[in-house]
Visitor: 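Can you keep this structure in mind? I'll have questions shortly.
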Protein chains: 2
Amino acid sequence: MSLPLTPMIQSCILHFGEMGSRWGINRTVGQMYALLVLSKEPLCADDITEALGISRSNTSMGLKELMSWELVKLQHRPGERKEFYSAPGDVWDIAKTLIEQRRKREIDPTLSTLRNLLIDSPANADEEYAQQRMREMHELIEMLTLWTQEIQRLDSAQLGKLLKLGSSIGKVLDMKDRLLGGKKETTK
Amino acid sequence: MSLPLTPMIQSCILHFGEMGSRWGINRTVGQMYALLVLSKEPLCADDITEALGISRSNTSMGLKELMSWELVKLQHRPGERKEFYSAPGDVWDIAKTLIEQRRKREIDPTLSTLRNLLIDSPANADEEYAQQRMREMHELIEMLTLWTQEIQRLDSAQLGKLLKLGSSIGKVLDMKDRLLGGKKETTK
DNA sequence: CTGTAATTTCAGTAATTACTGAAATTACAG
DNA sequence: CTGTAATTTCAGTAATTACTGAAATTACAG
């Protein structure tokens with residue numbers, strides 16, 4: 001990407017910066033990633049520093065963070081020491097990585113905490129009630145996680161096909177109901 | 001809930017406090033909500049203040065925040081001015097509210113920003129590429145949003161039935177493939 | 001309407017997080 | 001191996017966010 005940034009690209013970067021700061025990720029890292037995603041060519045640290053008007057060391061730390069999320073790929077050019085960074089070319093790959101990483105950082109620890117708290121038997125009525133809620137939370141989170149993991153298995157093409165069904169997913173679910181219907185549930 | 005807190009309940013509250021601080025929500029608000037969820041009885045502001053060892057004004061601000069997320073219900077007891085707060089009894093209701101609110105705060109503004117940026121025609125090759133990425137992002141986010149909205153329609157009982165299928169969702173998707181198969185896609 | 005208990009607001013401060021610039025380290029072309 | 005360009009680390013500072021206590025406001029029992 002040739003610098004400096006056009007207003008259009010600039011606004012997009014600023015927006016993702018703001019959004020980033022509502023997540024755990026900070027503003028600058030959000031901007032950096034938007035910049036990388038919108039760039040056709042891989043960028044080096046100096047490109048990013050210049051484009052966003054931040055310090056070189058800040059760029060370094062931000063890239064480290066993005067690496068830890070596995071959201072960027074590193075490339076080298078022959079005969080140059082400089083490192084070039086780029087985002088995956090497929091947005092669904094990016095989304096899958098995000099989902100995966102957030103699961104690891106937020107969901108898994110929560111599930112494990114809940115499981116541990118559910119091992120002990122309740123000491124009184126309050127704990128009994130509290131454990132019941134924890135059990136419900138654990139079950140719900142686990143189910144939702146399984147579900148999204150299934151969806152993550154899909155590759156880009158499959159996802160496209162599937163989601164183009166759009167809101168007719170309702171129909172898919174009904175279909176499932178009919179299938180299950182035979183088992184022993186009365187409808188609803 | 002009778003105060004003070006037992007170690008079990010304490011740990012759960014602390015965990016959700018930590019998790020909360022990785023989201024936009026701050027530690028105290030996370031703790032407050034965990035406390036409310038684990039409490040059988042509605043709590044008043046002073047109960048929360050005392051249980052978490054925070055200032056009364058902090059409690060007030062936290063409750064305001066939770067109200068803005070529509071995550072707590074307000075109750076009054078006859079003959080008392082005091083206000084009592086409680087979380088929904090059904091964890092799926094809580095999850096649905098969370099999803100809904102995050103959609104409103106993060107997804108919708110992003111979709112609208114992207115749409116706006118896609119209106120103008122690209123000024124150069126860089127912008128053309130950038131717009132292409134934005135288009136892909138917009139499409140993906142919109143599809144995922146539609147999908148989760150469908151799932152949000154389900155009530156607790158339906159969800160339970162559906163998710164008890166567990167990972168066999170793969171089968172549901174295959175099923176859909178077979179249904180669609182007739183149309184014109186060759187498999188994969 | 002009055003008194004008071006409860007809640008909210010807000011300015012000030014504490015705590016945390018983000019960022020910079022200089023120094024140290026690393027990687028590699030030559 | 002040497003020199004240098006690139007990257008990283010880190011201590012210090014800036015910026016932001018969280019929290020408190022006092023003052024103001026609100027709600028309602030009486």
Side-chain angles (χ1 to χ4, degrees), chain A residues 3 13-14 16-36 41-69 72-86 105-106, chain B residues 3 13-14 16-36 41-69 72-86 105-106:
Chain A
L3 310 169
I13 287 172
L14 290 180
F16 279 96
E18 290 317 312
M19 280 308 149
S21 68
R22 294 204 194 173
W23 275 37
I25 207 174
N26 72 45
R27 186 154 26 88
T28 314
V29 175
Q31 291 180 356
M32 288 176 57
Y33 201 58
L35 177 64
L36 285 169
E41 304 300 330
L43 301 179
C44 72
D46 285 323
D47 293 336
I48 297 171
T49 301
E50 196 191 335
L52 302 181
I54 58 179
S55 74
R56 184 51 239 271
S57 47
N58 199 0
T59 303
S60 178
M61 289 165 116
L63 285 170
K64 204 172 146 193
E65 169 110 17
L66 288 174
M67 294 288 282
S68 85
W69 283 80
V72 287
K73 273 177 304 191
L74 202 60
Q75 277 145 320
H76 283 97
R77 287 183 189 166
E80 268 193 284
R81 177 177 168 197
K82 211 177 268 193
E83 299 180 305
F84 289 81
Y85 298 86
S86 63
R105 289 158 197 240
E106 294 162 14
Chain B
L3 311 169
I13 286 172
L14 290 180
F16 279 96
E18 289 318 311
M19 281 309 148
S21 68
R22 294 203 195 173
W23 274 37
I25 206 173
N26 71 45
R27 186 154 28 88
T28 312
V29 176
Q31 292 180 356
M32 288 176 58
Y33 201 59
L35 178 64
L36 285 170
E41 304 299 331
L43 301 178
C44 72
D46 286 323
D47 293 337
I48 297 171
T49 302
E50 195 190 338
L52 301 181
I54 59 181
S55 73
R56 184 50 240 272
S57 47
N58 199 0
T59 303
S60 177
M61 289 165 115
L63 285 171
K64 204 173 147 192
E65 169 109 17
L66 288 175
M67 294 287 282
S68 85
W69 282 79
V72 287
K73 273 177 304 191
L74 201 59
Q75 277 145 321
H76 283 98
R77 289 183 188 165
E80 269 192 284
R81 179 180 165 194
K82 212 176 269 194
E83 299 181 305
F84 289 82
Y85 298 86
S86 63
R105 288 160 197 240
E106 293 163 15

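Atom set for the values below is all heavy atoms of this structure, side chains included, hydrogens, waters and symmetry mates excluded. So you know, we letter chains A, B, ... as the sequences are listed, proteins then strands, and number each from 1.
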Visitor: Checking B:S60 now: which residues fulfil side chain to side chain contact (heavy atoms under 4.5 Å, CB included) with it, not counting sequence neighbours?
Guide: B:R56
Visitor: Quick check: do B:M19 and B:W23 have side-chain heavy atoms less than 4.5 Å from each other?
Guide: no
Visitor: Work out which heavy atom in A:R22 is nearest to a heavy atom in B:R105; give both atom names and the distance.
Guide: NH1-O, 3.0 Å
Visitor: B:L63 CG to C:dT9 C1': how many Å, rounded?
Guide: 15 Å
Visitor: If you round to the nearest 0.5 Å, how far is CZ of A:R77 from NZ of A:K82?
Guide: 8.5 Å
Visitor: Reading 5' to 3' and counting Watson-Crick or G-U wobble pairs with both distances under 3.5 Å, write the dot-bracket notation for DNA chain D, | for bases paired outside the strand.
Guide: ||||||||||||||||||||||||||||||
Visitor: Please report the distance, rounded to the nearest Å, between NZ in B:K82 and P in C:dA6.
Guide: 5 Å
Visitor: Can you see which heavy atom on A:E80 is nearest to which on A:F84, and at what distance?
Guide: OE1-CE1, 4.3 Å
Visitor: Taking the side chain as C-beta and beyond, is there a heavy-atom pair between B:I13 and B:L52 under 4.5 Å?
Guide: yes
Visitor: Applying side chain to side chain contact (heavy atoms under 4.5 Å, CB included), can you list everything that pairs with B:K64, at least two apart in sequence or on another chain?
Guide: none
Visitor: Please round to the nearest 0.5 Å and tell me the distance separating atom CG of A:L66 and atom CG of A:L74.
Guide: 12.0 Å
Visitor: Ignoring hydrogens, what is the shortest heavy-atom contact between B:I54 and B:T49? Give both atom names and the distance.
Guide: O-CG2, 2.9 Å
Visitor: Where is the tightest heavy-atom contact between B:L36 and B:Y85, given as atom of each residue plus distance?
Guide: CD2-O, 3.4 Å
Visitor: Looking at C:dT7, I'd like to know if its phosphate oxygens (OP1 or OP2) sit under 4.0 Å from a side-chain N or O belonging to B:K64.
Guide: no
Visitor: Along nucleotides 16-28 of chain D, 5' to 3', which nucleotides get a B, which get an S, and which get a -, given that the test is a protein heavy-atom distance under 4.0 Å?
Guide: --SSBB----BB-
Visitor: N/O contacts under 3.5 Å, protein versus nucleotides 1-3 of chain C?
Guide:
none

Visitor: Quick one: A:E83 CD to C:dA29 P, roughly how many Å, whole number?
Guide: 12 Å
Visitor: Between B:P78 and A:F84, which residue's closest nucleotide on DNA chain D lies nearer the 5′ terminus?
Guide: A:F84
Visitor: Return a table of donor-acceptor pairs under 3.5 angstrom between the side chains of residues 26-35 of chain B and protein atoms on other chains or two or more places apart.
Guide:
unit_1: B:N26; atom_1: OD1; unit_2: B:T28; atom_2: N; d: 3.1
unit_1: B:N26; atom_1: OD1; unit_2: B:V29; atom_2: N; d: 3.0
unit_1: B:Y33; atom_1: OH; unit_2: B:L71; atom_2: O; d: 2.7

Visitor: Output the rounded distance in Å from CG (A:D47) to P (D:dT7).
Guide: 10 Å
